[in-house]
Each structure stands twice: as structure tokens, then as C-alpha cells.
Amino acid sequence: MAATPNSLRSGPDDRGHFGIFGGRYVAETLMPLILELEKAYNEAKVDPAFVGELKSLAKHYAGRPSPLYYAARLTKKLGGAKIYLKREELNHTGSHKINNVLGQVLLAKRMGKTRVIAETGAGQHGVATATACALFDIPCVVFMGATDVERQAPNVARMNMLGAEVRPVKSGAATLKDAMNDAMRDWVATCDTTFYCIGTVAGPHPYPEMVRDFQCVIGEETRVQMMEAEGRLPDTLVACIGGGSNAMGLFHPFLDDPTVRIIGVEAAGKGVETGFHAASLTGGRPGVLHGNRTYLLQDKEGQITEAHSISAGLDYPGIGPEHSWLKEKGRVEYVSATDDEALAAFQTLCKLEGIIPALESSHALAHVEKLAPTLPKDNLLVINLSGRGDKDVPQVAAMLGIKA
Amino acid sequence: MSRITKRFADLKAQKRAGLVTYFMAGDPDAATSYEILKGLPAAGADLIELGMPFTDPMADGPSIQLAGQRALKGGMKLDQVFAMVKRFRAEADNDTPIVLMGYYNLVYQRGAEKFCKDAAAAGVDGLILVDLPPEEADELKPYATAAGIDTVLLTAPTTDDKRLPAVLKYSSGFVYFVSVLGITGMKSATEDSVRTHVERIRRHTRLPIGVGFGIKTPEQATAVARHADAAVVGTAIVDRVAAGLDNNGHAKPDLVPGVLAFTRTLADGVRSVRKD
């Protein structure tokens, strides 16, 4: 990575901090394991054998590079910026999650771990983890909130078919936060044998850095592909944010390019002003949860409050610590889109481009529907289409009254 | 000398180990948990760990998770936890150490400095923050020291000899050995494993060693007392609180007596071991 003293890409520091964010706020039982993981990852990432195997899997198994597709009809309808879609939804398993999982499961194997656990919200990370574990013949347990098990039934079936055990989590609101709590509880009891494959750029150091590095392939490809298509860098990048891994993967390789405007879109649920939302940066403040300091939805005392979003993958009261840092640095703009806006954008993309997007990615699309018309026609705008919407078909069909 | 240090010195003079009891502040309501607190010293508790309820207790098993939920549902706030300790000091007991146990976000939101000052003013003696390992303890330790609050860090079976000094560097009052890999109230360690680890930790420190996680019966507490300076019991006590609730989640009249009677059986076990 090209890191210079003035670079925005050189974090975290050696204690895993991005400014005041990040860190390692975990139980002592886990600390030695986290240090071991950090050491193993630092060795692996400069080992040509590890890097080569990951690259080969990304190409031949996951189907990389994903296309950078010029969305002509969407561009025409919005009448402004020239819109490209980074087609992460075409990856094997249907989202960007596979990029990270292949890296982590390879690392688990390298560390001699014999069991993998993961948390999942929408089920995309769970499916990707179950997939990689099937490929590498490692037993896999996925923790998923009981509410999400219900609303993401197709992904639960997929994980079961792939041989993973899905454990419904009933504590709290039974969504992603609670799944992560239970995954960490399992890990603390099994850390001698078990690798915890975290799905986003959050958790204790080195996870935010490691997951980011594995996802950076999105932005690195986009850079090359845009140079090929247009002979220059993009002007605007837009991605949805729950924990923020697809966004970080797209954004990070462009952080040191000042001409590139970067926008992250959080889930505003029923509206940030209603209190029923998942917009940690817009409606939260810094706190400590799940091993890191970051922006969190919480009450005055520091009790974590429930997030609300139509999209299970964004339904999380926190966000990756590097996003918190980039917000305070002012390098990335963070905005939000509501459930209704996302649902409308979902339908727009289906009808105009013949692509069914994930409800998560639809939040990025929703913001572009507002933004693109205000930009000149030569503004090159990239949306990270982080996942496909197959998993959302039953839920959206029910909401729109579409018959099966 | 802090209340914790003095208490361990007294235990040593009495040639016995101590009993540390954990329960959740505000479970099931502030008044009932104050009655428990008030009764514990006479029931044989030598130190008291008072849980601060948190929405996301990542190191706790189902019993303590539910206790926290009951306390939060009952409206328990940090100010009430401090008020409870203050009242205990004023009207019941000025010698038994009280250690607040919980998760760092509550401290961080109040501000580490203010938290330590408020805790000390209330009569709190120590803090156990499950998710504040030595790597991050810098942001609390100076304020705790300034306020005269002991910081009891956790050490685990995974904390090897190389790492132990880092944990001890931030520890005062006593060291808390988490005897099993896992969350509270699940597995129990063998006596042999407790002995081995306690001996190992003793080679590194002169601080007293408390052992907890998985100690559920008077027999287990007795076994731990043979090796450690104190046995910590939490989940089993919290389970006695849960057993004293009616169908609406309210305390039945026998809740407090039940908790204290159980504590007495634990204390009898611990006190049966003579340490020379």
C-alpha cells in the first residue's frame, strides 16, 4: 500500500487506533488470541504463497474482477452524472462479502484453526462464510438474530445447504448486534480452536484493518477499470454503510485522491428524526462496543439502543471505526436514505437496468437518485452495487403486494 | 490503605480465604437489591461485586444477561448504583469493599475521570471492567489512581507468563483469575487447574488472587479457597435472585432471605479451609 506521512491510508497505528477510534476493547481471555491473529495476518499478507492463493481464488472461484458497468438507462433517467455500477453482486455468493471471507478462512487454515464462527445480519456474510468453509472443509457455525432468520429465509436455507449450522439468537432485538454478542460469547469459550470470521470493518484490531485490506480489491479494480473506460479517475463514489465493509473497500484506495468525492449512505430507517434508524454517524456518538471505539447509537448513560432498518444488513447500531475517523477528518461525506427511499430505488434499478439489487445497496442507489441530477453530465459517478437482491425477493414482494 | 487491601490483610491474619459475591444492581428493582447488599456482609460476603447493568454484556452467560435486562427494565441508572453504595456506607457497613463490575462504555460516557470521582465519593473501592484489557487501560488508570479506586484486571488461562506482567502493571487491590475459557456461569475449572494457575500467577505478584467463573456450589467455593485468596461467586447468586421472582418478575418475600441463606452456605464452605 502506498502510505506516505500525509496519507489518509496509513492507519491504524500499532495499537489499532484510527485517531481516537478503533482499539482492542475485549475480555482478557481473547486478548492473546487477538495478538496472535494480528501476528499471523501481518505475516500472511506479505507471504507470496498466501497472497497468490487468495488472488487465484478471487479470480477462479469468486469470479473477480467484477465488472464496472455503465448504467446508461439510469444515467439518462436521472439526467446528470454518468453512472457506473461496480457489480459486486455478481460475485460468487451474491455480494462483496466473499472477498473478505476467502481471506479470513485461508488465514484460519494457515493458523491451524479447526472451526469457524461468524455473525450475520442479512445472511450474506453468513452464506459467504458457509461457502468458504465448505470449500476448505472446516465446520462452520453462523450466529443470526432470530428476527433476521425470519426475514432472510432464503439465506438461512442456503447456509444449511452448505453444511453450516445456523444458530438463531433471541437476545435483545434479535438482530445483527445480538448475533455479534453471541458470536463473541462463543469465541471466548472456544478460542483455542475457533477462528472468528467477522463480516465487516469493525470489531477489535486487527479486524477493521484486515477486513478493509481484503475488501480493497473493489476500489483497486474500480480505479483500473475507470482508467480503461474513461481515461481518468472517477469524480464521485457512493456506497451504502452498515458496518461499512463494502464502502471501505471502494473508498480506501481513493482516499489520497483529493479530486474524488466520497459519500457513504447510512440507513435512515423511518427517518433519523423519528429515532427509528441505523444511522450511527448521523444520529450517534462515540462509544465502546464489540471491541472498538466508534460512533454508536446509545442513550445518555451509554446503553446501546436498537437500530431500525428495512435492510437486515444495515440494521446495526455501530459502524467501522475507520469510518468514524474519516467522518471526523471530513474526508468522506456521510448521508442517509430512508426505508421508503431505498425501496423505491430498488424498484427503479429492477425496471431500468434489469438488475435486482440488495436492499442494502438500494440505499446507495436512493442517494444517487437525489444526487446525480445535481451533477454535470461529465461527472463520473460509481455506485458500489454490493449485493444482489435475491434474498430480499420474498420480503419486497410481500411489501409491494406482488404475487409469487 | 484501601478497603480492599485492608480486607485481604485481615483475611490473611484470620488465616482464611475470602468470599466475593457478585450480584446485579437493580435486579429486580433498586429496593430489593439494596436489601441484598445490606445483608451480604452478615451472610459472610467478604467483598462485594456490584454489577452495573449493560445492554450488551458480551462476557456474560444467560443468567447475568437476564439479570441486566431485569435491572434495565426496572429503570436502573448509574446514579442509583452510586446512591445505593452511598446509603450502604452511611447506614450499614464502612468496611466491606465494594467493587463495581461491568463494561467500559458506561464509564466512557460519564467520562473516566468523573466516573472515578463519583464512584469514590459514593464509597466504591474498585472497578472491574471486562472489556478494558491492559492495552486500553491507560485511559482509566490515572483517574482511578487519583480517586483512590483500585483497578482489578482480569487474567485468563490464555494469559501466559509473558503477558502476565502487562496485566499486573495495571492491577491493584487484587488480581481476578478467570478460571475457564468462556462466559460467566457456564463451565467450571477443575481444582487441579485452579491450583496450577494460582501458583503460576503467585510467581509474578504479591497481590491477592481471586478466582471466579463457574463456581456454583459451596463445595466448589471450598475447593477454590484451598488455593486462592478469594472465591468469586456470581451466576449462582443471580440464579437465586431469579428463583425469588413471581410470574410478573416482582420479588417474592423470600427472595432476599433465599439469596442470603445461599451466601451463608458459600461462606461456610470458604471459611472451613484453614490457611497457614
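Bear in mind that the values here come from a model prediction, so they are computed numbers and not experimental data. All chains are named by letter (A, B, ...) in the order of the sequence lines, taking the proteins before the strands, and each is independently numbered beginning at 1.
- Interface remark: B:Pro53 contributes backbone atoms only to the contact with chain A (heavy atom separation under 4.5 Å).
- Taking B:Asp131, B:Val130, B:Leu153 one by one and counting their heavy-atom pairs under 4.5 Å with chain A, the maximum is reached by B:Asp131.
- The parts of A:His290 that come within reach of chain B are both its backbone and its side chain, each placing non-hydrogen atoms under 4.5 angstrom from that chain.
- Note that CG of A:Leu35 and NZ of B:Lys162 are 9.0 Å apart. Values are rounded to the nearest 0.5 Å.
- A:Glu301 contributes no side-chain N or O that, together with a main-chain N or O of B:Lys77, makes up a donor-acceptor pair within less than 3.5 Å.
- More than 12 heavy-atom neighbours from other residues, nucleotides or ligands sit within 6.0 angstrom of CG on B:Asn248.
- At distances below 3.5 Å, at least one donor-acceptor pair connects side-chain atoms of B:Asn105 with backbone N or O atoms of A:Val288.
- Summarising the local packing, OH of A:Tyr41 is surrounded by more than 12 heavy atoms from other residues, nucleotides or ligands at distances under 6.0 Å.
- Across B:Asp79, B:Val178, B:Asp60, the residue that shares the most heavy-atom pairs under 4.5 angstrom with chain A is B:Asp60.
- Residue with the most contacts toward chain A among B:Val180, B:Leu106, B:Val107: B:Leu106 (heavy-atom pairs, distance under 4.5 Å).
- Contacts of A:Ile34 with chain B are absent, with no heavy-atom separation under 4.5 Å from either backbone or side chain.
- Counting heavy-atom pairs closer than 4.5 Å to chain A, the top residue among B:Ala59, B:Pro57, B:Pro157 is B:Pro57.
- Proximity of a side-chain donor or acceptor of B:Lys187 to a complementary backbone N or O of A:Ala189 within less than 3.5 Å is detected.
- For the pair A:Arg185 and B:Gln65, the minimum side-chain heavy-atom distance is below 4.5 Å.
- Annotation: the span from B:Glu136 atom CD to A:Asn292 atom CG amounts to 10.0 Å, rounded to 0.5 Å.
- Contact check for B:Glu135 versus A:Tyr25: no side-chain heavy atoms found under the 4.5 Å cut-off.
- A 4.5 Å side-chain heavy-atom check between B:Leu181 and A:Asp192 finds at least one atom pair inside the cut-off.
- Considering only heavy atoms from C-beta on, B:Arg163 comes within 4.5 Å of A:Met31 through its side chain.
- Counting heavy atoms from C-beta on, the side chains of A:Ile304 and B:Phe54 come closer than 4.5 Å.
- Contact check for A:Glu28 versus B:Thr158: no side-chain heavy atoms found under the 4.5 Å cut-off.
- With rounding to the nearest 0.5 angstrom, the CD atom of A:Gln298 is 11.0 Å from the CG atom of B:Asp56.
- The most heavy-atom pairs under 4.5 Å with chain A, out of B:Pro62, B:Gly182, B:Pro134, come from B:Gly182.
- Using a 4.5 Å cut-off between heavy atoms, B:Asp160 makes no contact with chain A at all.
- Contacts between B:Leu129 and chain A at a heavy-atom distance below 4.5 Å are absent for every atom of the residue.
- Contact annotation for B:Val167: only side-chain heavy atoms (C-beta onward) come within less than 4.5 Å of a heavy atom of chain A.
- No more than 12 heavy atoms of other residues, nucleotides or ligands shown are found within 6.0 angstrom of NZ on B:Lys117.
- Counting non-hydrogen atoms of neighbouring residues, nucleotides and ligands closer than 6.0 angstrom, the NZ atom of A:Lys45 exceeds 12 such neighbours.
- Heavy atoms of other residues, nucleotides or ligands lying less than 6.0 angstrom from CD of A:Glu150 number 12 at most.
- The parts of A:Pro286 that come within reach of chain B are both its backbone and its side chain, each placing non-hydrogen atoms under 4.5 angstrom from that chain.
- Counting heavy atoms from C-beta outward, B:Thr159 and A:Thr29 have side chains that stay 4.5 Å or more apart.
- Between A:Gln303 and B:Gln109 the shortest side-chain heavy-atom distance does not fall below 4.5 Å.
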